[in-house]
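The shown structure was predicted, so the numbers you read here are calculated from the model rather than taken from an experiment. Chain A is the first sequence line, chain B the second, and so forth, proteins listed ahead of strands; every chain is numbered from 1.
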Number of protein chains: 2
Amino acid sequence: MYGTARGEWRTTRQRAAVLGALRACDGFVSAQALHAALAADGVAVGLTTVYRTLRLLESAGHVDVVRDGDGERLYRPRPDGGHRHYAVCRECGLSLAVDSEEVEQWVARTVRLIGFRAVDHTVELTGVCGDCHRPADRRTDP
Amino acid sequence: MYGTARGEWRTTRQRAAVLGALRACDGFVSAQALHAALAADGVAVGLTTVYRTLRLLESAGHVDVVRDGDGERLYRPRPDGGHRHYAVCRECGLSLAVDSEEVEQWVARTVRLIGFRAVDHTVELTGVCGDCHRPADRRTDP
DNA sequence: GTATGTGCAAACGATTTGCAGACTG
DNA sequence: CAGTCTGCAAATCGTTTGCACATAC
């Protein structure tokens, strides 16, 4: 494989910082946002290093990754063992883990049905959360 | 402006070509691939124009759009009225529309449950199709 | 001490945009 | 004709890489 599970990374100030900042976030963050947050926190870490660390975490399976509307990668520390799916608010960025047991089963069944193998699935919900669509706000009301 | 739903586009050689090439494709194609296909077909259309036409089609709802693993946009003419979900083979690009009634319902229910509004959902399956994982091929066998 | 990690700046690749000229209606 | 559309080249933007230096073990 790709050096994924080597568990041999050196412990550096930068990596600790990135990991810490990532954990300190509620929802998904982009590499750039993370870098900015670190900088704002007075921690100097190169953008390059943020990207590299995030990629490392990704291949080690320590983070979940989604893509926002522009194809930008958003990272989130993985809660526990398995992967999850989220509903992300496009106004405030709030992300809610949703129960997707049913979807998982549907995926498994569908995969079997169509004869695909090594299937990856993406299930993303993006909308406007309860806090963000208060009366004053609505400008989208079909 | 974005001239989205104006229905006033001029009929040009380039647009017809792009639309034709798009329709001639089985599965999803990237703008670049489409441009290359057109060129290979002897039809000269600027890459810019391909992008612009595709964006037009997208906002008019005439194509479905997914993102491949690298965040590249892939387009496909929309089969009929509603939107569909697909399983895409990452080896040969084959795309299969899958029955996602269950998922749609789960989405609706979940959305109601968490109080989100104006929710968009993405459900993508990527794997290796039956034709591509013939015995000779397997190098991923967990 | 040596293999790794870091940071800067430059490279990248997909997509978008400015602008002058070509074309549709 | 006037308003669009096209295409080239240049600009963006997120992300990756080359390379010399710093650091962990």
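- Between T48(A) and dT6(C) there is no side-chain N or O to OP1 or OP2 distance below 4.0 Å.
- The side-chain hydrogen bond (donor to acceptor under 3.5 Å, both in side chains) search around R109(A) returns E102(B), not counting sequence neighbours.
- Straight-line distance from the CZ atom of R73(B) to the C1' atom of dA14(C): 10 Å, rounded to whole Å.
- Residue R55(A) places at least one side-chain N or O under 4.0 Å from the OP1 or OP2 atom of dT16(D).
- The aromatic rings of H121(B) and H85(B) are tilted relative to each other, their planes meeting at an angle between 30° and 60°.
- Note on Y51(B): a side-chain N or O is less than 4.0 Å away from OP1 or OP2 of dT15(C).
- A33(A) comes within contact range of no nucleotide atom at all, as no heavy-atom separation falls under 4.0 Å.
- Separation of the F28(A) and Y86(A) ring centroids falls under the 6.0 Å cut-off.
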Report the secondary structure of DNA chain C in dot-bracket form, marking unpaired bases with a dot and bases paired to a different strand with |, and treating Watson-Crick or G-U pairs with both distances under 3.5 Å as paired. |||||||||||||||||||||||||
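- One interatomic measurement links the two molecules: NE2 of H35(A) to P of dT16(D), which rounds to 15 Å at whole-angstrom precision.
- Distance alone, capped at 3.5 Å, is enough to place a donor-acceptor pair between the H35(B) side chain and the V45(B) backbone.
- Nearest heavy atom pair, residue L38(A) against residue A17(A), reads CD2-O, 3.6 Å.
- Residue whose closest nucleotide on DNA chain C sits further toward the 5' end, between S30(B) and V45(A): V45(A).
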For nucleotides 19-25 of chain D, 5' to 3', base contacts (B), sugar-phosphate-only contacts (S) and non-contacts (-) with protein non-hydrogen atoms under 4.0 Å give ----BBS
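- Looking at W106(A) and V98(B), their side chains come closer than 4.5 Å, going by heavy atoms from C-beta outward.
- The nearest whole Å value for the distance from the CG atom in L54(B) to the C1' atom in dT17(C) is 17 Å.
- Considering only heavy atoms from C-beta on, L22(B) comes within 4.5 Å of L34(B) through its side chain.
- Without hydrogens or angle criteria, D99(B) side chain to E101(B) main chain gives a donor-acceptor distance under 3.5 Å.
- Rounding to whole angstrom units, CZ of residue R67(B) and P of dG14(D) are separated by 13 Å.
- Residue Q14(B) has no polar side-chain atom (N or O) positioned under 4.0 Å from OP1 or OP2 of dC23(C).
- Remark: C1' of dT15(C) and CD of E72(B) are 10 Å apart, rounded to the nearest angstrom.
- Atom pair L47(A):CG and dG5(C):P shows a separation of 18 Å (rounding to whole Å applied).
- Nearest heavy-atom pair across I114(B) and A87(A) is CD1-CB, 3.5 Å.
- Following rounding to the nearest Å, L74(B) (CG) and dA14(C) (C1') show an atom-to-atom distance of 12 Å.
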